[in-house]
**Student:** 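This is the structure, below, for whatever I ask next.
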Amino acid sequence: MSLNEICELGVIGLTSLGQSLAAHHAIKTRRVCVYDYDDPSFAPQVIKEFRTSIEQDDDINDEDDPALNTTRPSRCMVPSNSIKEFATIISTPRKIIIFGTHEDDKKFDDIWNELRVNLTRGDMVLRWGEEEGTMMTHPSDQNNLQFYTESIVGNLSKLQAEPLGIDLLEMVKLEQDRAAIIRESDIQDTFVVGGPEDAYNQLSLYVSPFALIGHVGSSAACAHYARMVQRAVEFGMAQCLAEGCDLLKKAALYENQDVGRTLTKWQEGGMISSYLVEISSKIYYKRDGITKKGHVIDHIVDSIDLNGSDTWFSLEATKLGVPAPTITAALEARFLSNMKEERVDASSILGAPEGADTPSVMKDQISEDLQGAIYSAWTCVVAEGLSIFVAAAEVGRWEVNLVECLRLWNLPSSFLNSDMLDKMHSALAESQGNMQHVLLLPSISAQLQATHMSWRRIVTLCFASAIPCPCLGASLTYYDSYRSKILPSGLIRAQRDFFGGYGYNRFNEEGWYTSCWVQEHTDGLKRATKKLEKGANDEPKKKKKKKTK
């Protein structure tokens, strides 16, 4: 095969998107080799249709200039009958994109096992993620989330690709607003990509015309991790806003329309202007079309089902030893939401303050303070999520790009899109991705200093009014604990030492200590010392050997 016939890109899997990508680059006169794993005979058919559709635009005569034949768009898509042949047609380092294996790890594994024996050091292989959006219509329809430890690309990369010097990457799709997808038919899917950065930079040329992408980490597992963290942050931020709206109704005695107007006001010029606030304002205005009474929000059952991915974040935080109280509080709020019957019974048994026992606060003050409280709590939610990602990166020896994570999470069609996240992205970008805690970034800490008193007043009002605020309260505790020089943990260590003599270390002193807190401890220490001394002084008696007859 001549150099003119060698292809610069390989595409395996001729799905609709796979065909479109190959055709796009062929039209750009980039030579593309295509192969369909399910049906190798399908590739020639695809190429025939492609050539028929564009040959009328080719005005070069093959006989007049044969050398140009291989650079004509209609001749820039080349079929392959086997993976072995496919690998020989692509120039090195090979750039290969695999389609049609989303939700089919076995198929990808089969393709990889055939492909890898034909690859050489420096080659790069990208697994495309979800190719078609789906609309959730039933509770049984779950987001296709995969635990990063179960990522077949991540595992194959670590065990097989890396030792061979082959770069294996994976794309994971991020959810987008369904209304935006319907409204804007040409909106691109958004993907986080995990894998070696140099390979990503080379492959992005071929991917970017078909998707919004961002490189979030050096391992394929990073893409799954970023998606899982995003989901946890989504539920944390949603819970914070829900608690705030609940406070407006129960403490300020707002009607649904009043809450909707307040949210609209915040959206138009408040510090928590966001996708969440925007859609929540519309939700509170929506009248119920089934009963013709009240608003839809009042007819929705106040319990949320859980799946395995919902508990993942808190388990991961525990495993890594990283505090995430706000996001964990959001999870526990969902646990409590499912205890509907028990909550109904408890509401008539367990008391709450009434009348004069409840604080009297001006409605405008509640609304003003609530913005600052939600903003601060949201900041802590994101900070917790990023802290977990950083800790996991240290364990997994990944290089992660938090700035790119925030950029992709904050795109206009994202659930997390907000002015707050935009400011956090800018602050992190200015710090050049410094891995220090996000709360310590100058602009972030300054904003928290400006809002923390509003935060405290809102949490105090919730507690005094018997209105649950698990995330608003947990986030404030997280903030105060993180900024505390001294925590009461010393007393707990002293208690354990008192109980069982477990010991403790001391400020500015080396070694391990234990105290005789009461006379009995002193007496016990003396007895133990005497016993040790006696044991050391007594020579062991020699056993007499039995005489044998």
Side-chain angles (χ1 to χ4, degrees), residues 1 5-27 30-54 74-91 94-119 123-134 141 144 146 150-157 160-161 166-173 189 191 193 195 203 206-207 209-211 213 220 223-224:
M1 181 175 291
E5 296 175 310
I6 292 293
C7 297
E8 66 173 275
L9 176 67
V11 172
I12 297 178
L14 294 178
T15 62
S16 295
L17 186 55
Q19 292 180 48
S20 298
L21 185 140
H24 172 84
H25 291 295
I27 291 171
R30 299 184 183 111
R31 290 181 59 78
V32 183
C33 180
V34 297
Y35 173 72
D36 192 70
Y37 186 79
D38 295 326
D39 181 8
S41 65
F42 185 50
Q45 180 183 337
V46 170
I47 291 176
K48 181 180 179 181
E49 293 176 359
F50 168 71
R51 288 177 176 174
T52 301
S53 67
I54 69 165
S74 61
R75 294 297 185 268
C76 283
M77 193 187 298
V78 180
S80 175
N81 296 316
S82 67
I83 284 184
K84 184 175 181 179
E85 181 187 26
F86 173 84
T88 62
I89 297 175
I90 306 170
S91 61
R94 297 176 182 85
K95 304 173 187 68
I96 299 169
I97 302 176
I98 299 177
F99 291 91
T101 65
H102 178 69
E103 296 185 327
D104 194 343
D105 286 349
K106 184 182 183 305
K107 180 178 177 181
F108 180 83
D109 191 35
D110 291 341
I111 294 173
W112 168 253
N113 285 330
E114 285 191 44
L115 182 63
R116 67 186 174 94
V117 296
N118 296 287
L119 299 179
D123 291 347
M124 52 205 84
V125 179
L126 171 67
R127 183 194 195 186
W128 198 283
E130 185 178 348
E131 297 179 37
E132 295 181 2
T134 56
D141 297 333
N144 184 35
Q146 186 177 50
E150 298 172 0
S151 165
I152 188 171
V153 179
N155 293 331
L156 289 176
S157 178
Q160 297 179 7
I166 299 168
D167 295 330
L168 198 50
L169 304 88
E170 183 163 22
M171 297 169 59
V172 174
K173 186 178 178 181
D189 290 335
F191 292 87
V193 184
L203 288 166
Y206 307 101
V207 175
F210 294 86
I213 57 173
H224 291 280

**Student:** Where the side chain of D104 meets the backbone of G100, is there a donor-acceptor pair that is under 3.5 Å apart?
**Tutor:**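 Answer holds: no.
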
**Student:** Among all residues two or more places apart in sequence or in another chain, which pass the salt bridge (Lys or Arg N to Asp or Glu O under 4.0 Å) test with D167?
**Tutor:**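 For D167 there are no salt bridge (Lys or Arg N to Asp or Glu O under 4.0 Å) partners, ignoring immediate neighbours.
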
**Student:** Could you check whether any side-chain heavy atom of M77 comes within less than 4.5 Å of a side-chain heavy atom of H25, counting everything from C-beta outward?
**Tutor:**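 Side-chain contact under 4.5 Å: no.
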
**Student:** Do I152 and W112 have side-chain heavy atoms sitting under 4.5 Å apart?
**Tutor:**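 Side chain of I152 against side chain of W112, heavy atoms only: no contact under 4.5 Å found.
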
**Student:** State the CD-CG distance between E131 and L21, to the nearest 0.5 angstrom.
**Tutor:**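 If I round to the nearest 0.5 Å, the distance is 10.0 Å.
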
**Student:** Taking atom CG of L17 and atom NE2 of H102, what is their separation to the nearest 0.5 Å?
**Tutor:**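 Rounded to the nearest 0.5 Å, the CG-NE2 separation comes out at 12.5 Å.
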
**Student:** So do N113 and R116 actually touch side chain to side chain, heavy atoms under 4.5 Å?
**Tutor:**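 Counting from C-beta outward, R116 and N113 do come under 4.5 Å.
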
**Student:** Go through it in stages, so that I can follow the logic: the residues are M171 and E130, the test is side chain to side chain contact (heavy atoms under 4.5 Å, CB included), and I'd like the CA-CA distance, side-chain angles, deciding distance and then a yes or no.
**Tutor:** CA-CA 8 Å; M171 297 169 59; E130 185 178 348; over 6 Å; no

**Student:** Tell me, do V34 and V46 make a side-chain contact under 4.5 Å, heavy atoms counted?
**Tutor:**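 Result no, sub-4.5 Å side-chain heavy-atom pair not found.
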
**Student:** For the pair R94 (side chain) and L119 (backbone), establish whether a donor and an acceptor sit closer than 3.5 Å, ignoring hydrogens and angles.
**Tutor:**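 It does not hold such a pair.
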
**Student:** Give the ring-plane orientation class for F86 versus Y35, where under 30° counts as parallel, over 60° as perpendicular and anything between as tilted.
**Tutor:**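 Ring orientation, 0 to 90° scale: tilted.
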
**Student:** Which one of T101, I98, V207 satisfies the side-chain contact (heavy atoms from CB on, under 4.5 Å) criterion with W128?
**Tutor:**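 Running side-chain contact (heavy atoms from CB on, under 4.5 Å) over T101, I98, V207 with W128 returns exactly one hit, V207.
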
**Student:** Could you state the interatomic distance from CD1 (I90) to OG (S80), rounded to the nearest 0.5 Å?
**Tutor:**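 I90 CD1 to S80 OG: 8.0 Å, rounded to 0.5 Å.
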
**Student:** Working note: D105 + R127, criterion side chain to side chain contact (heavy atoms under 4.5 Å, CB included); need CA distance, chi angles, decisive distance, verdict.
**Tutor:** CA-CA 11 Å; D105 286 349; R127 183 194 195 186; 3.0 Å; yes

**Student:** So how far is it from L126 CG to K95 NZ, rounded to the nearest 0.5 Å?
**Tutor:**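 Those atoms lie 13.0 Å apart.
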
**Student:** Please name the pair of heavy atoms, one in A223 and one in V172, separated by the smallest distance, quoted to 0.1 Å.
**Tutor:**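 Answer, listing the atom of A223 first, then V172: CB-CG2, 3.6 Å.
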
**Student:** Nearest 0.5 Å, what's the CD-CG distance between Q160 and L168?
**Tutor:**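 The CD atom of Q160 sits 9.5 Å away from the CG atom of L168.
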
**Student:** A side-chain contact here means heavy atoms from C-beta on lying under 4.5 Å apart; do R31 and I89 qualify?
**Tutor:**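 Of all side-chain heavy-atom pairs linking I89 with R31, none is under 4.5 Å.
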
**Student:** Could you tell me which non-hydrogen atom of A87 sits nearest to which non-hydrogen atom of N118, and how far apart they are?
**Tutor:**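 So the two residues come closest at CB-CB, 3.6 Å.
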
**Student:** Once you round to the nearest 0.5 Å, how far does SG of C33 lie from CD1 of I96?
**Tutor:**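 Here the rounded value is 9.0 Å.
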
**Student:** List the atom of P40, the atom of P44, and the distance in Å for their closest heavy-atom pair.
**Tutor:**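 P40 and P44 have their closest heavy atoms at O-CD, 3.5 Å.
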
**Student:** Applying salt bridge (Lys or Arg N to Asp or Glu O under 4.0 Å), name anything that partners D109, two or more places apart in sequence or on another chain.
**Tutor:**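 If we apply the salt bridge (Lys or Arg N to Asp or Glu O under 4.0 Å) test to D109, skipping adjacent residues, there are no hits.
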
**Student:** Locate the shortest heavy-atom distance separating C7 from V32; write the atom from each residue and the value.
**Tutor:**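 Distance-wise, the nearest heavy atoms are SG-C, 3.7 Å.
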
**Student:** How far apart are the closest heavy atoms of G154 and S151, and which atoms are they?
**Tutor:**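 So the two residues come closest at N-OG, 3.0 Å.
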
**Student:** Using side-chain heavy atoms (C-beta onward) and a distance below 4.5 Å, is F42 in contact with Q19?
**Tutor:**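 F42 reaches Q19 side chain to side chain.
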
**Student:** Could you check whether any side-chain heavy atom of I12 comes within less than 4.5 Å of a side-chain heavy atom of L115, counting everything from C-beta outward?
**Tutor:**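 I12 reaches L115 side chain to side chain.
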
**Student:** Looking only at heavy atoms, which two atoms of A211 and F191 are closest? And how far apart?
**Tutor:**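 Taking A211 first and F191 second, the nearest heavy atoms are CB-CD1, 3.6 Å.
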
**Student:** Is the shortest side-chain heavy-atom distance between R30 and L9 below 4.5 Å?
**Tutor:**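 Side-chain contact under 4.5 Å: no.
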
**Student:** I'd like to check the salt bridge (Lys or Arg N to Asp or Glu O under 4.0 Å) partners of D39; sequence neighbours left out, ordered by chain and number.
**Tutor:**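 Per chain and number, D39 pairs via salt bridge (Lys or Arg N to Asp or Glu O under 4.0 Å) with no residue.
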
